[in-house]
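Just so it is clear, the model here is predicted, and its values are computed rather than measured. Every chain is numbered from 1, with letters handed out A, B, ... down the list of sequences. The figures that follow rest on heavy atoms only: side chains count, while hydrogens, waters and symmetry mates do not.
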Protein chains: 2
Amino acid sequence: MLDELDRTILEILIDDARISLKELSQKVGLSSPSVSERLRRLEEKKVIRAFTVDIDPVALGYSLTAIVRVRPLPGMLHIVEKLIKETPEITECDKVTGDDCFIGKLQFRTMEQLDTILDRLAEKAETNTSIVKASPVKRRLPPLS
Amino acid sequence: MLDELDRTILEILIDDARISLKELSQKVGLSSPSVSERLRRLEEKKVIRAFTVDIDPVALGYSLTAIVRVRPLPGMLHIVEKLIKETPEITECDKVTGDDCFIGKLQFRTMEQLDTILDRLAEKAETNTSIVKASPVKRRLPPLS
DNA sequence: CCTTTCGCCTATTTAATACAGGTTAACCAG
DNA sequence: CTGGTTAACCTGTATTAAATAGGCGAAAGG
C-alpha cells in the first residue's frame, strides 16, 4: 500500500510541509509530477489527513498545560462529554478504558482559569489534574517501517 | 502583539495550510503582499512553529492507542526518561506533577507490541495503562481571543 | 504474444509567490 | 504647528513553483 518512497515523502513533510515539489522530488529521486501524483494519492487515501500549522500556545498566552483525568458521576457520561467538547481550552481528549473515562489536555493562562474550568467539571465528574512541568517528547510519528 | 487579522490568519491556516496567498488574503481582507509579510513575521516570532502534515496513524498500521502513566522506581527517573525518549511508539509525553511522573501517548499495532513495550518499562517503573476507545475531541487550539 | 495498466519522464502552460515602488496615516521632536 | 520617520498597506511586475498534457517503457493478465 505504501512503499519506501511514500514513507520518505511523509517523513520529509512532517519536518517541513512547505518544501517545494522541486526540492522534495530531488530528495526522493523522482520528477516533480511523479511526487505530485504520489501526494495526490496520499491525500486521497487520507494517509495525509491535512496540511496544517504547528502553533506555539505560549505565543498565544497559554503558558500552562495540564492533563486532566475525568470520571463522570453516575448518569453524567454524555453530559460530561458534551461539556468537554464545549470547553475549547481542552485541546485534546481521549475516551479510555479503566477507572478514568476521559483523559484530556488542558491549555490555560492562569491558575484562576484552571480553577474555573475544573469547578465546572466538578459538578458532573470527579477529576484528577496533573500540571505539565516539561515535555520530554515532542510530538512525533511512530516508526513507519 | 497579535491583532485580530493575525488570529484570523492562524485559524484559517490550522484548517488548511495549503491555501493560496490570494485566497487567504481575500478572506482576511488584505492584499497578498500584506498577508505574506504577516506570515513572515508570525514565523519569525515563532508563533507559527512549523508547517507540517497531519498523518493518520491508522493508515500506517497503528490502529491502537494507549495513554500510559509512568511512576519511575526510586533512582530510576533519568533512566526512565531516556527509555521513553528512545521508544518511538511513544509519540507524546509530558512530565507532570502528582503521583505520576510521566503521562504519555503510545501508538501500537498489536496487543503483543503493547505488551513488549510495557514489559520494558516495568523493569524501571510502575505503569498504568488506559486503552483509547475514541477521541471525542480532535486536536484543536484554545480560543485565540 | 498482444493488450492494458501503471508509474514515470520531459516539455509546456498556468498559477502562485516574491519583489519593487509608491501612498497614507500615525507618531514624535523641533 | 510642522517636518521627518516609521509602519502598514496598496498596485503592478518579475520570478518561481505547481499543474497539466503527451509519450515512453516495464510489468501483469488474457
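Annotation for A:Arg49 and B:Ile55: closest pair NH2-O, 3.4 Å, computed over non-hydrogen atoms.
The nearest whole Å value for the distance from the CG atom in B:Leu24 to the C1' atom in C:dA16 is 13 Å. Computed from coordinates, the A:Leu21 CG to C:dC8 C1' distance equals 15 Å when rounded to whole Å. Here D:dT16 presents its C1' atom at 17 Å from NZ of B:Lys22, a figure rounded to the nearest Å. Rounded to an integer number of Å, the gap from CZ of A:Arg18 to P of D:dT16 is 17 Å. Taking atom CD of A:Glu4 as the reference point, atom P of C:dG7 lies 17 Å away to the nearest angstrom. A:Leu5 places its CG atom 11 Å from the C1' atom of C:dG7, with the value rounded to the nearest Å. Between the P atom of C:dG7 and the CD1 atom of A:Ile9 lies a distance of 13 Å, rounded to the nearest Å. Atom CD1 of B:Ile19 and atom C1' of D:dA17 are 18 Å apart (whole Å).
Of the N and O atoms on the side chains of A:Ser135 and B:Asp94, at least one donor lies less than 3.5 Å from an acceptor on the other residue.
For the side-chain contact (heavy atoms from CB on, under 4.5 Å) with A:Lys27, the lone residue among A:Val35, A:Thr8, A:Ile19 that qualifies is A:Ile19. With A:Val96 as the partner, the side-chain contact (heavy atoms from CB on, under 4.5 Å) test is satisfied by one option alone out of B:Ile67, B:Thr129, B:Ile131, B:Thr65: B:Ile67.
Judged purely by atom type and a 3.5 angstrom limit, B:Arg18 has no side-chain atom pairing as donor or acceptor with the backbone of A:Ala50. A donor-acceptor pair under 3.5 Å is formed between the side chain of B:Tyr62 and the backbone N or O of A:Pro143.
Within residues 28-44 of chain A, the residues approached by DNA chain C to less than 4.0 Å at the level of any non-hydrogen atom are A:Leu30, A:Ser31, A:Pro33, A:Ser34, A:Arg38, A:Arg41, in residue-number order.
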